[in-house]
Amino acid sequence: MAKISRPRGTEDLLFEDTNKWHIFEEIIRKTALKYNYQEIRTPIFESTDLFRRGVGETTDVVSKEMYTFNDKKERSLTLRPEGTAACVRAYIEHKMFGYDNQPVKMYYMGPMFRYERPQKGRQRQFHQFGVEVLGVKSPQVDAETILLGLDICKQVGLKNLKVLINTLGDNESRIKYRNHLQEYFSDYKDELCSDCLTRLEKNPLRLLDCKVDHDKEFMKNAPVLSDFLNEESNEYFKTVLDILKIADVEYEIDERLVRGLDYYTDTIYEIVSTNKESGAQATLFGGGRYDGLSESLGGPQVSGVGFGMGMERMLISANVENPELFIPKPLDVFIMPLDESITTHAFSILERLRNKGISAEMEYNGKSFKSMFKYCERNNIRYAILIGETELESQTIILKDLENGTQEELSHQWLEIVCERVMNNGKNTQ
RNA sequence: GCGGCUGUGGUGAAGUGGUUAACACAGCGGUUUGUGGUACCGCCACGCGCGAGUUCGAUUCUCGUCAGCCGCCCCA
């Protein structure tokens, strides 16, 4: 029979992995809370229209990377390829614009799906953490999201980072610029590479980003977005930059930075890992402001900002830059029955320890001492409890400290004493 | 979607058109059945990603396929 294996571009996270994820997720949750963001959980699949209208029909994500299917009632559904659209959808659906506490600050964390060729840092099922702030348009908030993301990077131990930032201007400025670009490049149609020809139609801003035509003369002379920014957009962007300066964030203004999703306006940014281990997919988190998204989804006119963070990518970098973060906490105690006849008694001791909140394990199969001690060493377990016939009869246990080899025989007070020893050692569980 | 590289046990890997697929680490057992980290000895791939073809015979050759990685593209 043919073997069944996991679908391409997906991953099984095994024990070592999930432990790392827990550590990472914990950092994320604590940080989000520190900045006063609340968690939102939206469905894994949504109506296909949400992404078509929200993310944009012509984007790569929507036009060729979505997992779309019909359910039994012929409704077109799509596995979510990103998080923002759903957040805004929920915001509208639950009338969160009416909440007492404004702006609405939320975060999400979970799997996303995109049909792409897998690569390091790029899977078909991957995970994003993201934040969204809806209901204010304020440069402080734009900056806050960046600072929040950087805070997480810092706690995870990432140092090789680059902050790229740009502005697309408000809708008015951007549309004006877009049209100019389209006009300008139309004169050079025969000199453009094939990719650029499609970009010209779909997303002219991306033309500036082309690696093939990068050095051509007409590229260098192309109109620059900053010339098209109106006073207001300009001021707004400057303030964002000022705040970053005050917060001691080194950034790089990248005039060619554009984003692949249609909803962005004004501030956009991308935080890139400069670590070589990151490979070609180096963007750790990226986002920006979106002014028209709520409206285009049938909601009120509200402004939002947010970013999406590639969790796998963060972990790839953290694993090389700060592996100490992931050293697992050992078990507190291991119980060694000296004879198979003692396993039930050993188990009752195990249970009593666990009920006291101590993390513990025992040997069920009557293995040799050698192998039991090896187990403890391998797993950095400090305390072993040895019990045999003699101890069963005398109602005692032997508590051995494997770090220094000492051991003590304990009688009726044993549970309290074990707890005390474990506490002093720095206990594993809560 | 396009181009390139790779695919041998739990891990790192060597290897050959033909009897038992090296070696190392890990694991397990023993020397040492009430006490560890050393040493010595033993065990551990019914199979060389999967499928088909060539051949008397393929892990080794050919084709296909799947998967991973690298790059393009795109993005988180």
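Everything quoted here is computed from the prediction, not taken from an experiment. Numbers restart at 1 for each chain; the letters A, B, ... are given by sequence-line order, proteins then strands.
- For the residue pair A:Tyr177 / A:Gln182, no side-chain donor-acceptor distance below 3.5 Å is found, with atom types taken as modelled.
- For the P atoms, the distance from B:rG7 to B:rC63 is 15 Å, rounded to whole Å.
- With the nearest nucleotide of RNA chain B identified for both A:Val258 and A:Ser371, A:Ser371 has the one nearer the 5' end.
- With both ends at atom P, the span from B:rG64 to B:rC2 equals 14 Å, rounded to whole Å.
- In this structure, A:Leu338 places its CG atom 13 Å from C1' of B:rG36, rounding to the nearest Å.
- Between A:Glu403 atom CD and B:rG36 atom C1' the separation is 14 Å, expressed in whole Å.
- Here B:rA76 is the nucleotide among B:rG1, B:rG29, B:rA76 with the atom lying nearest to any side-chain atom of A:Leu261.
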If a protein heavy atom is under 4.0 Å from the base, mark B; if only from the sugar-phosphate, S; if neither, -; do that for nucleotides 64-70 of chain B going 5' to 3'. ---SS-S
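- Taking atom C1' in both B:rU55 and B:rG18, one finds a spacing of 12 Å when rounded to whole Å.
- For the segment residues 126-143 of chain A, the set of residues with a heavy atom within less than 4.0 Å of an atom of RNA chain B comprises A:Phe126, A:Gln128, in numerical order.
- Distance CG/A:Asn275 to CD1/A:Ile316: 10.0 Å, rounded to 0.5 Å.
- Taking the side chain as every heavy atom from C-beta outward, A:Val333 and A:Val418 approach each other to under 4.5 Å.
- The separation of B:rA45 from B:rG4, taken at their P atoms, amounts to 38 Å, rounded to a whole angstrom.
- Both A:Gly308 and A:Phe369 sit near RNA chain B, but only A:Phe369 has its closest nucleotide nearer the 5' end.
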Given Watson-Crick and G-U pairs under 3.5 Å, RNA chain B in dot-bracket ([ ] crossing, | other strand) is (((((((..(((.....[....))).(((((.......))))).....(((((..]....))))))))))))....
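- To the nearest whole angstrom, the two P atoms, one in B:rC46 and one in B:rG51, are 15 Å apart.
- Contact check of residues 21-55 of chain A against RNA chain B (heavy atom, cut-off under 4.0 Å) returns no residues at all.
- Here the options are A:Arg124, A:Arg8, A:Arg122, the test is salt bridge (charged side-chain N to carboxylate O under 4.0 Å, His left out), and the partner is A:Glu116; only A:Arg122 passes.
- A gap of 34 Å separates the P atoms of B:rC28 and B:rU19, to the nearest Å.
- Here B:rA76 presents its C1' atom at 11 Å from CZ of A:Phe307, a figure rounded to the nearest Å.
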Set out, in order, the CA-CA distance, both residues' side-chain angles and the distance that settles salt bridge (Lys or Arg N to Asp or Glu O under 4.0 Å) for A:Asp151 and A:Lys34, then state yes or no. CA-CA 10 Å; A:Asp151 194 341; A:Lys34 186 166 83 179; 3.0 Å; yes
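- Among the protein residues, A:Gln407 comes within range of the nucleic acid bases, having at least one heavy atom under 4.0 Å from a base atom.
- Contacts classified as ring-ring contact (aromatic ring centres under 6.0 Å, His included) and involving residues 247-285 of chain A (residues at least two apart or in different chains) are given here: A:Tyr263-A:Tyr290, A:Phe285-A:Phe307.
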Stepwise, does the salt bridge (Lys or Arg N to Asp or Glu O under 4.0 Å) test hold for A:Lys64 with A:Asp60? CA-CA 6 Å; A:Lys64 47 191 191 198; A:Asp60 277 22; 3.7 Å; yes
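- As rounded to whole Å, 13 Å separates atom P of B:rU33 from atom CE of A:Met372.
- When the P atom is used for both B:rU16 and B:rC61, the distance is 10 Å, rounded to whole Å.
- Remark: A:Tyr115 OH is loosely packed, at most 12 non-hydrogen atoms of other residues, nucleotides or ligands lying under 6.0 Å away.
- Shown here for A:Pro81 and A:Phe126, the closest heavy-atom pair between the two residues is O-CZ, 4.1 Å.
- Comparing the C1' positions of B:rA13 and B:rA26 gives a spacing of 14 Å, expressed to the nearest Å.
- Residues A:Arg313 and A:Ser273 have side chains not in contact (no heavy-atom distance under 4.5 Å, counting atoms from C-beta outward).
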Could I get a table of every N or O pair under 3.5 Å where one atom is in the protein and the other is in nucleotides 38-42 of chain B?
unit_1: B:rA39; atom_1: N6; unit_2: A:Lys370; atom_2: NZ; d: 3.2

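- To the nearest angstrom, P of B:rU35 lies 16 Å from CD of A:Glu377.
- Rounded to whole Å, atom C1' of B:rG10 lies 13 Å from atom CD of A:Glu16.
- With no hydrogens or angles considered, no side-chain donor-acceptor pair links A:Glu46 and A:Thr78 at under 3.5 Å.
- Contacts of residues 104-114 of chain A with RNA chain B (heavy atom under 4.0 Å): A:Arg114.
- Here the two rings, on A:Phe129 and A:Tyr108, have centers that are 6.0 Å apart or farther.
- Figure legend: cation-pi geometry between A:Lys370 and A:Tyr375 absent, as NZ or CZ is not positioned both under 6.0 Å from the six-membered ring centre and within 45° of its axis.
- Shown here are the side-chain contact (heavy atoms from CB on, under 4.5 Å) partners of A:Asp401, two or more places apart in sequence or in another chain: A:Arg382, A:Tyr383, A:Glu403, A:Asn404, A:Thr406.
- Contact annotation for A:Gly405: base contact, defined as any heavy-atom pair under 4.0 Å involving a base atom.
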List, one per line, each side-chain donor-acceptor pair under 3.5 Å for residues 21-29 of chain A, sequence neighbours excluded.
unit_1: A:Glu26; atom_1: OE2; unit_2: A:Lys30; atom_2: NZ; d: 3.2
unit_1: A:Arg29; atom_1: NH1; unit_2: A:Glu39; atom_2: OE1; d: 2.9
unit_1: A:Arg29; atom_1: NH1; unit_2: A:Tyr107; atom_2: OH; d: 3.2

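- Applying the side-chain contact (heavy atoms from CB on, under 4.5 Å) test to A:Glu363 and every residue at least two apart in sequence or in another chain returns A:Phe334, A:Pro337, A:Asn365, A:Lys367, A:Met372.
- If you check the side chains of A:Asp332 and A:Ser359, you find a donor sitting under 3.5 Å from an acceptor.
- Note: NZ (A:Lys367) to P (B:rG30) measures 12 Å, nearest angstrom.
- A:Gln395 and A:His412 share no donor-acceptor pair across their side chains, judged by distance under 3.5 Å alone.
- A:Asp49 and A:Arg52 are joined by a salt bridge, as a carboxylate oxygen and a charged side-chain nitrogen come within less than 4.0 angstrom of each other.
- Screening A:Leu386, A:Ile417, A:Ile387 against A:Ile397 for a side chain to side chain contact (heavy atoms under 4.5 Å, CB included) leaves a single residue, A:Ile387.
- Checked by atom type, the side-chain pair A:Arg174/A:Thr265 shows no donor-acceptor distance below 3.5 Å.
- Under the side-chain contact (heavy atoms from CB on, under 4.5 Å) criterion, A:Leu402 pairs with A:Phe373, A:Cys376, A:Ala384, A:Lys400, not counting sequence neighbours.
- In this structure, CG on A:Leu410 lies 8.5 Å from OG1 on A:Thr396, to the nearest 0.5 angstrom.
- Within 4.0 Å of A:Gln281, counting heavy atoms only, lies at least one base atom of the nucleic acid.
- Shown for residues 379-402 of chain A: residues whose heavy atoms fall under 4.0 angstrom of RNA chain B, namely A:Leu386, A:Gly388, A:Glu389, A:Thr390, A:Glu391, A:Ile398, A:Lys400, A:Leu402.
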